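Remarks on the structure that follows.
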Amino acid sequence: MRILLTGGAGYIGSHVALVLLEAGHDVLVLDDFSNSSREAIERVEELTGRSIDTIECDLADQAASSAALRDEAFDAVIHLAGLKAVGESVAQPSRYYRTNLVSTLNLLDIMAEHGVTKLVFSSSATVYSPAAEGVLNLDESQPSGTGITNPYGWTKAMNEQIIRDVQTGRPELEAVLLRYFNPVGAHPSGRIGEDPAGIPNNLMPFVTQVAIGRRDHLAVFGDQYPTHDGTGVRDYIHVMDLAEGHLAALDGLRPGVEAYNLGTGDGQSVLDIVKAFSAASGQEVRYEVVAPRPGDVARAVADPAKANRELGWRATRTIEDACRDSWAWQSQNPNGYAGR
Ligand code: UFG
């Protein structure tokens, strides 16, 4: 298939592009490069020996995106483009709602104009409502779309609802909502990886930047949670496993809308990650415990059984693999991609 991949130059998008090309698909990337790099695309081309067609365009600009895609043919869409920083979304809610919602609306219109029915959407574990007491691992039947603590998370939940409503009006639409847990790691070559602009918001890029000496120490956000060591527990999934989940989702599309968790089913604490990363990299990661970050939960771990059962997908890489590959990326590219 020829697949339109929005946000294909970003961290997750570049790994998805690579996996699609290696599976024999053709890839058309649409990206505005506001938080991504052309170099990522070039490196995926190098790694795969295949070329990627690229359109620079802001999907939230209806006229521009519809014109840019007018003469393009594609069989399916993987929609990753969007703003994704939780804290920034609290400070700039209008920008987040406008960008993330309007992009999806425009894309759904473009798909209808082109008669394209296949859609894989990048959603997030953040759409789940706060877990009831006693619920350890979240499955897709858990309530979602209430009690979300930031506009970024709301845009993911609202986009899920938009896709469901559009599918009701266009029953031939085949959509999968992929609820990512915490993506980490990099391609094992160390050629592509996560290159956040400015100070990293997320744990793994912060840890790798401490290890390479770009940051003095990690601030651990709270150590009094009801977890095995008091620090927050998450389900860290290797980005290559996550990327392969998109391929499985494409193969599993059928009319309707289905949500799937992409996670490992295992929980790791912040201190577990610090230890695993130090062991994998041989670098000390200095840290200091500070106050909890507002909006954080103690634990968010997937039940990935549905994706395993229905898509035939499961995460196979370990946290040690993820730490080794993150370090390969960070140590070979201490300042990320050039020109960032
Ligand atoms: N953490 C620290 N110090 C840091 C950064 C993070 O201690 O400098 C801790 C957090 O408190 C949390 C864990 O590391 O316990 C993971 O934090 P991240 O910011 O890496 O990830 P979150 O789980 O907060 O958020 C991620 C994605 C969101 C997504 C959410 C869904 O970044 O986009 O998962 O659960 F919405």
Side-chain angles (χ1 to χ4, degrees), residues 7 10-12 35 80 82-90 96 100 121-131 137-138 142 144-145 147-160 177-185 194 196-211 214-237 239 242 259 261-264 266-277 285-304 319 322-323 326:
Y11 168 44
I12 296 171
N35 187 27
L80 274 55
L83 300 172
K84 60 162 193 171
V86 171
E88 188 179 67
S89 79
V90 175
Y96 268 68
N100 288 5
F121 174 63
S122 156
S123 189
S124 167
T126 197
V127 303
Y128 286 112
S129 305
N137 290 21
L138 297 159
Q142 286 296 310
S144 64
I148 297 170
T149 54
N150 61 80
Y152 159 76
W154 278 113
T155 68
K156 290 293 181 190
M158 289 177 183
N159 271 327
E160 287 198 355
L177 314 171
L178 295 179
R179 294 177 176 165
Y180 306 161
F181 280 72
N182 290 59
V184 291
E194 184 169 15
I199 300 170
N201 297 301
N202 298 115
L203 179 62
M204 186 62 91
F206 208 107
V207 166
T208 64
Q209 290 193 10
V210 171
R214 276 171 74 178
R215 316 265 162 215
D216 180 63
H217 67 278
L218 170 72
V220 174
F221 298 142
D223 67 353
Q224 300 297 316
Y225 288 109
T227 61
H228 62 273
D229 62 16
T231 65
V233 167
R234 296 290 182 275
D235 186 332
Y236 294 94
I237 173 168
V239 68
L242 190 83
N261 288 337
L262 292 186
T264 67
D266 286 329
Q268 251 99 29
S269 73
V270 176
L271 295 181
D272 290 338
I273 295 295
V274 168
K275 282 191 208 107
F277 186 83
V285 177
R286 298 188 339 121
Y287 66 87
E288 195 178 299
V289 177
V290 301
R293 183 169 63 179
D296 275 359
V297 295
R299 177 184 167 91
V301 179
D303 177 343
I319 195 66
C323 289
S326 286

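Note that ligands are numbered from 1 as they come in the structure, with each ligand's atoms numbered from 1 the same way. Everything numeric here is computed off the predicted structure, so don't read it as measured data.
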What do you reckon, does Ala219 put a non-hydrogen atom under 4.0 Å from ligand 1? yes
Could you tell me if any non-hydrogen atom of Tyr287 lies under 4.0 Å from any atom of ligand 1? no
Using a strict 4.0 Å cut-off to heavy atoms of Val270, name the atoms of ligand 1 that fall inside it. 7 (O), 9 (C), 14 (O), 15 (O)
N/O of Arg293 under 3.5 Å from N/O of ligand 1, yes or no? yes
How far does OH of Tyr236 sit from CD1 of Ile273, to the nearest 0.5 angstrom? 5.0 Å
Any donor-acceptor pair under 3.5 Å linking the side-chain atoms of Tyr128 with those of Asn261? yes
Which residue and atom name correspond to the protein heavy atom nearest atom 28 (C) of ligand 1, and how close is it? Tyr152 CE2, 4.1 Å
Interfacing atoms of ligand 1 (cut-off 4.0 Å, heavy-atom, Ser124): 29 (C), 31 (C), 36 (F)
Please indicate whether any nitrogen or oxygen in Asp296 is less than 3.5 Å from any nitrogen or oxygen in ligand 1. yes
Polar contacts were defined as any N/O atom of the residue lying under 3.5 Å from an N/O atom of the ligand; does this apply to Leu203 and ligand 1? yes
Over all atoms of both residues, closest heavy-atom pair of Lys156 and Ser122: NZ-O, 2.8 Å
I need the contact type for Pro292 against ligand 1. Using non-hydrogen atoms and a strict under-4.0 Å cut-off, is it side chain, backbone, both or neither? neither
Between the side chains of Tyr152 and Glu88, does any donor sit under 3.5 Å from an acceptor? no
So, does Asn202 use its side chain to make a donor-acceptor pair with the main chain of Met204 at under 3.5 Å? no
Spell out, as yes or no, whether a donor-acceptor pair under 3.5 Å connects the side chain of Asn35 to the backbone of Gly10. no
Look only at the side chain of Thr208 and the backbone of Ser326, and say whether a donor-acceptor pair between them is shorter than 3.5 Å. no
Work out which heavy atom in Leu218 is nearest to a heavy atom in Val207; give both atom names and the distance. CD2-CG2, 4.1 Å
Restricting to non-hydrogen atoms, name the atom on Val301 and the atom on Phe181 that form the minimum distance, rounded to 0.1 Å. C-CE2, 3.6 Å
Enumerated ligand 1 atoms positioned under 4.0 Å from heavy atoms of Asn201: 5 (C), 19 (O)
Consider every N or O of Ala125 and every N or O of ligand 1, then say whether any pair is closer than 3.5 Å. no
Report the part of Ala300 in contact with ligand 1, treating N, CA, C, O as backbone and CB onward as side chain, heavy atoms under 4.0 Å; options are side chain, backbone, both, neither. neither
Nearest protein heavy atom with distance in Å, relative to atom 23 (O) of ligand 1: Arg234 NE, 2.7 Å
Which protein non-hydrogen atom lies closest to atom 25 (O) of ligand 1, naming both residue and atom, and how far is it? Asn182 ND2, 4.1 Å
If we only count heavy atoms from C-beta on, is the Arg299 to Asn137 side-chain gap below 4.5 Å? yes
Using a strict cut-off of 4.0 Å, indicate which atoms of ligand 1 neighbour a heavy atom of Val220. 7 (O)
If I compare all heavy atoms of Val184 with all of Ala322, which pair ends up nearest, and what's the gap? CG2-CB, 3.8 Å
Using a 4.0 Å heavy-atom cut-off, say whether Val233 meets ligand 1 through its side chain, its backbone, both or neither. neither
Atom 36 (F) of ligand 1: of Thr126, Val301, Ile273, Asn202, the nearest heavy atom sits on Thr126
With respect to atom 5 (C) of ligand 1, which of Phe221, Tyr236, Phe206 exhibits the smallest heavy-atom separation? Phe221
